[in-house]
Amino acid sequence: PGDEVYFCSGGLGRAGTGNYAEYALIDADYLAHKPKSLSFAEAAALPLVLITAWEAIYDRARLQSGQSVLIHGGAGGVGHVAIQLAKLKGAKVYTTVGNSDKERLVRQLGADYPILYKQTDFVAAILQETAGKGVDIAFDTVGGETFRQTCRAVRVYGDMVTILEPTGSWKEARDRNLRVSLELMLTPALMGLPEAQKYQTEILRQGARLIDEKKLTIHLSQTFPLAAAISAHQLLETASVTGKIALIID
């Protein structure tokens, strides 16, 4: 009692849960101590993106030291955490961003090669920088045509991880013999898998340690009062947000 905690549990239409509720009832197995160095708003912004990036980069792609990785949307919620996790493993990080402000942010987070995708063909840039081989791993947070194009930027027998449902032709992925992984951090909750939820809570514990050791950071760009949740959603829909947005409940 009295511990400051954070979690990623509930929601999905279940009674007594939900991110927009003033209170939530959570199984103690799914609670982790909140990072001491973060505010509650910052801590609230961390779990979903940390678990998604961790599972994608570490579990699905099995990133190793010395490998190269392309992370799409590097200034976004998931992307900016994925960059930091990849650098902690000693990887070389390429990332796509939409403007110079986002480029500055990802450089601060450790990205080695930001690519302004509106001005530069990211596939051509990757192939030029890797002598035509491509990166070892690509992490797709955009989907659609970006997924298909990205296959050409990954080395033969490399890894592709996406958080979206792939559509269209997979011919390039097949020709290059890529290992394609799908990442959905909601699976444990959707499928009712308590052991998997406990594993995700362990990710939160590890993340809290990294945060408090100044090895990881969460970029909270803006907060809104709960009453202005509509405005927060409208801002998200502009696709101009860097990092995360949090709702404040008085």
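- Between A41 and T223, the closest heavy-atom pair is CB-CG2, 4.4 Å.
- Within a 6.0 Å sphere centred on CZ of R174, other residues, nucleotides and ligands contribute 12 heavy atoms or fewer.
- Looking only at distances, a side-chain donor or acceptor of D121 sits under 3.5 Å from a matching main-chain atom of V123.
- Two residues are said to be in side-chain contact when any heavy atoms from C-beta on lie closer than 4.5 Å; Y117 and V97 fail this criterion.
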Report the C-alpha separation of V93 and I71 in whole Å, then their side-chain angles, then the decisive distance to 0.1 Å, and conclude whether the side-chain contact (heavy atoms from CB on, under 4.5 Å) test is met.
CA-CA 7 Å; V93 176; I71 297 170; 4.0 Å; yes
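- Between V49 and I218, the closest side-chain pair of non-hydrogen atoms falls below 4.5 Å.
- For E165, the CD atom is loosely surrounded, since the number of other residues' heavy atoms within 6.0 Å does not exceed 12.
- With respect to R209 and E213, a salt bridge is recorded, a charged nitrogen being found less than 4.0 Å from a carboxylate O.
- Contact record, K214 with S37: NZ-CB, 3.9 Å, taken as the closest heavy-atom pair.
- The side-chain heavy atoms of L235 and Q222, taken from C-beta on, include a pair separated by under 4.5 Å.
- Here OH of Y157 is found 10.5 Å from CG of L178. Values are rounded to the nearest 0.5 Å.
- Under the 4.5 Å side-chain heavy-atom criterion for grouping Ile, Leu, Val, Met, Phe, Trp and Tyr, V81 is connected to L164 within one hydrophobic cluster.
- K198 contributes atom NZ, which lies 10.0 Å from atom CZ of R205 (distance to the nearest 0.5 angstrom).
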Residues I163, T52; criterion side-chain contact (heavy atoms from CB on, under 4.5 Å); working and verdict
CA-CA 8 Å; I163 61 174; T52 299; 3.8 Å; yes
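- Looking at T96, its side chain does come within 3.5 Å of a backbone N or O of G73 through a donor-acceptor pair.
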How far apart are the C-alpha atoms of D212 and K36, what are their side-chain angles, what is the distance that settles it, and do they pass the salt bridge (Lys or Arg N to Asp or Glu O under 4.0 Å) test?
CA-CA 6 Å; D212 286 337; K36 294 181 175 63; 5.0 Å; no
Is there a side-chain contact (heavy atoms from CB on, under 4.5 Å) between Q197 and D29? Walk through the geometry before answering.
CA-CA 9 Å; Q197 284 188 277; D29 286 339; over 6 Å; no
When you look at V180 and W170, which way does the side-chain contact (heavy atoms from CB on, under 4.5 Å) test go after all the steps?
CA-CA 10 Å; V180 178; W170 287 40; 3.8 Å; yes
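- Nearest heavy atoms, A153 versus L70: CB-CD2, 4.5 Å.
- With sequence neighbours left out, the side-chain contact (heavy atoms from CB on, under 4.5 Å) criterion links A196 to P188, L193.
- For residues 53-69, the set of pairs meeting the side-chain hydrogen bond (donor to acceptor under 3.5 Å, both in side chains) definition, not counting sequence neighbours, comprises E55-Q200, D59-Y199, R60-E183, S68-D136.
- For the pair K34 and F40, the distance from NZ or CZ to the six-membered ring centre is under 6.0 Å and the angle to the ring normal is within 45 degrees.
- Each of L182 and V69 belongs to its own hydrophobic cluster when Ile, Leu, Val, Met, Phe, Trp and Tyr are linked at side-chain heavy-atom distances under 4.5 angstrom.
- Within the 4.5 Å cutoff, the side chain of L31 has no heavy atoms near those of the T201 side chain.
- Between P194 and G192 the shortest heavy-atom distance is CD-O, 3.2 Å.
- Taking the six-membered ring for Trp and thresholds of 30 and 60 degrees, H219 and H80 have ring planes more than 60 degrees apart, a perpendicular arrangement.
- Between Q84 and the options L210, T217, L50, a side-chain contact (heavy atoms from CB on, under 4.5 Å) holds for only T217.
- The CD atom of Q206 sits 5.0 Å away from the CD atom of E202 when rounded to the nearest 0.5 Å.
- Side-chain atoms of H72 and T150 form a donor-acceptor pair, as typed in the model, at a separation below 3.5 Å.
- A donor-acceptor distance shorter than 3.5 angstrom exists from the side chain of S221 to the backbone of T242, with no hydrogens or angles considered.
- Atom CD1 of I115 sits about 8.0 Å away from atom OH of Y94, to the nearest 0.5 Å.
- Applying the side-chain hydrogen bond (donor to acceptor under 3.5 Å, both in side chains) rule to pairs touching residues 102-116 yields K87-D112, D101-R104, E103-R107, sequence neighbours excluded.
- At least one side-chain heavy atom of I211 sits less than 4.5 Å from a side-chain heavy atom of L38.
- Heavy-atom contacts from other residues, nucleotides or ligands closer than 6.0 Å to CG of L190 number more than 12.
- A donor-acceptor pair is defined here as one N or O able to donate and one able to accept, closer than 3.5 Å; no such pair exists between the side chain of R179 and the backbone of G158.
- M185 is listed as a side-chain neighbour of L48, based on a closest heavy-atom distance under 4.5 Å.
- A43 and P35 get closest at one heavy-atom pair: CB-CD, 4.5 Å.
- In the hydrophobic cluster analysis, where Ile, Leu, Val, Met, Phe, Trp and Tyr join through side-chain heavy atoms closer than 4.5 angstrom, L105 is grouped apart from V241.
- Here OG of S231 is found 11.0 Å from CG of L236. Values are rounded to the nearest 0.5 Å.
- Residues F122 and L116 are not in side-chain contact: their nearest non-hydrogen atoms beyond the backbone lie 4.5 Å or more apart.
- Scanning all heavy atoms of the two residues, the minimum distance from Y6 to G207 falls at OH-C, 4.2 Å.
- Residue-environment remark: CD (Q128) stays at or below the threshold of 12 foreign heavy atoms within 6.0 Å.
- The same ILVMFWY cluster, assembled from side-chain heavy atoms under 4.5 Å apart, contains both I137 and V106.
- Hydrophobic clustering keeps L220 apart from I249 (ILVMFWY residues linked when any side-chain heavy atoms are closer than 4.5 Å, directly or through intermediates).
- Taken to the nearest 0.5 Å, the CZ atom of R152 stands 12.5 Å off from the CG atom of D175.
- Contact of the S181 side chain with the M160 side chain is not registered, since no non-hydrogen atoms from C-beta on lie closer than 4.5 Å.
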